[in-house]
Amino acid sequence: MIEARHLRVLRAVAATGSFSAAARELGCTQPAVSQQMKALESSAGTPLLIRTGREMRLTQAGEALVRHASGILAGLTAAEEEVAAIAGLRAGRVRLVSFPSGSSSLVPGALAALRAAHPGTQVSLVEAEPPRSVEMLRDGDCDIALAFRYGTTGGEWDDLVVRPLLRDRLVGLVPEGHRLAGTGAVTIGELADEPWIAGCPRCRRQLVEVCEESGFTPRIDFATDDYPAVIGLVGAGLGVAVLPELALESVRPKGARTVAVEPAVEREIVALTLPDLARVPAVAATLDQLSLAAAR
């Protein structure tokens with residue numbers, strides 16, 4: 001294998017015409033230059049220099065190697081500088097995938113802070129609900145997945161680095177004129193006879209489980225992954241819903257009122273990444289900013 005340090009010595013020998021002059025230019029000893037040239041010729045499998053008395057000239061193979069050496073060493077220097085920039089957060093790329101309510105609440109502040117601290121780091125954002133977002137992370141289609149879960153599913157994320165962000169409580173949403181609109185809190189059973197508007201598949205499954213634990217199966221008239229659509233349907237008097245508090249942060253519930261729901265149900269919001277990715281400086285910095293945004 002040809003080593004970069006040997007190419008640097010060869011280029012110095014070719015430019016100066018002797019081992020001693022090359023040693024002076026490189027700041028080393030003549031025996032060290034001679035030793036490295038022997039190692040390079042051994043790696044190349046052919047003589048690179050012809051020594052005739054005090055003169056020294058390149059063989060055809062030596063000329064070819066010197067011709068390529070400048071490009072190889074320049075490319076290596078550029079690669080070293082780029083890696084150093086990424087390691088120092090002067091450059092880098094992070095691919096983030098988030099569920100919609102996380103995109104509208106946690107992500108903007110986190111990315112604004114990241115850009116202010118490390119303007120050379122580029123972040124791309126796409127939206128996907130778990131478990132699809134987690135699949136994208138495992139498939140290599142993103143670097144960080146913002147996800148959530150209800151309760152704790154054993155082993156679900158054991159292969160991933162899990163950064164807990166916050167606990168997000170579910171709240172009830174009823175039309176303004178609803179009989180329960182002015183109450184401080186309601187039990188889920190008090191909404192047993194209501195038509196329901198359900199959210200994403202994972203939230204919908206959780207809704208059914210909570211209702212069944214209270215002794216009824218909800219009549220779901222509408223289902224949509226779009227939280228503003230859920231709020232609009234409730235505001236139009238078409239049913240009731242339970243939504244995460246995070247989903248209400250960036251949407252004004254026009255025509256609808258929120259009520260606390262008992263028993264309390266929470267979802268855990270986390271940022272996920274792969275163990276190797278967690279050591280990448282740009283990924284680690286993004287995780288830190290997501291944690292800070294969640295704590296505000």
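These numbers come from a predicted model, not from an experiment.
Across all non-hydrogen atoms, the minimal contact from Ala147 to Leu272 is CB-CD1, 4.0 Å. Taking all atoms of both residues into account, the shortest heavy-atom contact from Val234 to Ala256 is CG1-CB, 3.9 Å. Across Leu114 and Ala285, no two heavy atoms sit closer than the pair CD1-CB, 3.8 Å. Of all heavy-atom pairs spanning Pro195 and Asp221, the tightest one is CB-OD2, 3.2 Å. Across every non-hydrogen atom of Pro108 and Gly102, the tightest pair is CD-O, 4.4 Å. Heavy atoms only, all atoms of each residue included: Cys28 and Val33 are closest at SG-CG2, 3.6 Å.
Classification of Arg205 and Glu129 as a salt-bridged pair fails, no side-chain N sitting under 4.0 Å from a carboxylate O. Taking the charged nitrogens against the carboxylate oxygens, Arg169 and Glu245 have no contact shorter than 4.0 Å, which rules out a salt bridge.
Rounding to the nearest 0.5 Å places CD of Glu268 at 5.0 Å from CZ of Arg167. Note that the CD1 atom of Ile50 and the CG atom of Leu58 stand 8.5 Å from one another [nearest 0.5 Å]. Atom-to-atom distance recorded for Trp196:CH2 and Leu233:CG is 14.0 Å, nearest 0.5 angstrom. Between the CD atom of Glu63 and the CZ atom of Arg57 there is a distance of 9.0 Å, given to the nearest 0.5 Å. Rounding to the nearest 0.5 Å places CZ of Phe19 at 10.5 Å from CD of Gln36. Residue Cys211 holds its SG atom at 13.0 Å from CZ of Arg219, rounded to the nearest 0.5 Å.
Within the 4.5 Å cutoff, side-chain heavy atoms of Ile231 are placed close to those of Leu248. No side-chain heavy atom of Thr273 sits under 4.5 Å from any side-chain heavy atom of Val280. Taking the side chain as every heavy atom from C-beta outward, Ile144 and Val94 approach each other to under 4.5 Å. No side-chain heavy atom of Val210 sits less than 4.5 Å from a side-chain heavy atom of Leu170. Using a 4.5 Å heavy-atom threshold, the side chains of Leu246 and Phe99 count as touching. Using a 4.5 Å heavy-atom threshold, the side chains of Leu125 and Ser98 count as touching. In this structure the side chain of Leu65 reaches within 4.5 angstrom of the side chain of Ile2, judged on heavy atoms. Counting only heavy atoms from C-beta outward, the side chains of Leu106 and Leu166 approach each other to under 4.5 Å.
Under the 4.5 Å side-chain heavy-atom criterion for grouping Ile, Leu, Val, Met, Phe, Trp and Tyr, Leu96 is not connected to Met136 through any hydrophobic cluster.
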Task: Worked verdict on Arg132 versus Glu135 for salt bridge (charged side-chain N to carboxylate O under 4.0 Å, His left out) - done: CA-CA 5 Å; Arg132 176 57 190 145; Glu135 292 172 2; 3.4 Å; yes
- [ ] Determine, stepwise, if the pair Arg179 / Glu194 fulfils salt bridge (charged side-chain N to carboxylate O under 4.0 Å, His left out).
- [x] CA-CA 11 Å; Arg179 60 187 172 82; Glu194 302 287 342; 3.2 Å; yes
Task: Glu249 vs Ser105, side-chain hydrogen bond (donor to acceptor under 3.5 Å, both in side chains): CA-CA, chis, key distance, verdict - done: CA-CA 7 Å; Glu249 283 193 10; Ser105 55; 4.6 Å; no
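Take Asp193 and apply the side-chain hydrogen bond (donor to acceptor under 3.5 Å, both in side chains) test, not counting sequence neighbours, and it matches no residue. Remark: Asp288 pairs with Arg163 by the salt bridge (Lys or Arg N to Asp or Glu O under 4.0 Å) rule, at least two apart or across chains.
Listed for the Ser34 side chain is no donor-acceptor partner under 3.5 Å among the backbone atoms of Gln30. Within the 3.5 Å criterion, the main-chain N or O of Ala282 finds a donor-acceptor partner in the side chain of Thr286. At distances below 3.5 Å, at least one donor-acceptor pair connects side-chain atoms of Glu41 with backbone N or O atoms of Leu48.
Side-chain polar atoms of Glu127 and Ser103 form a donor-acceptor pair below 3.5 angstrom.
Crowding of Glu262 atom CD: a count of heavy atoms from other residues, nucleotides or ligands under 6.0 Å exceeding 12.
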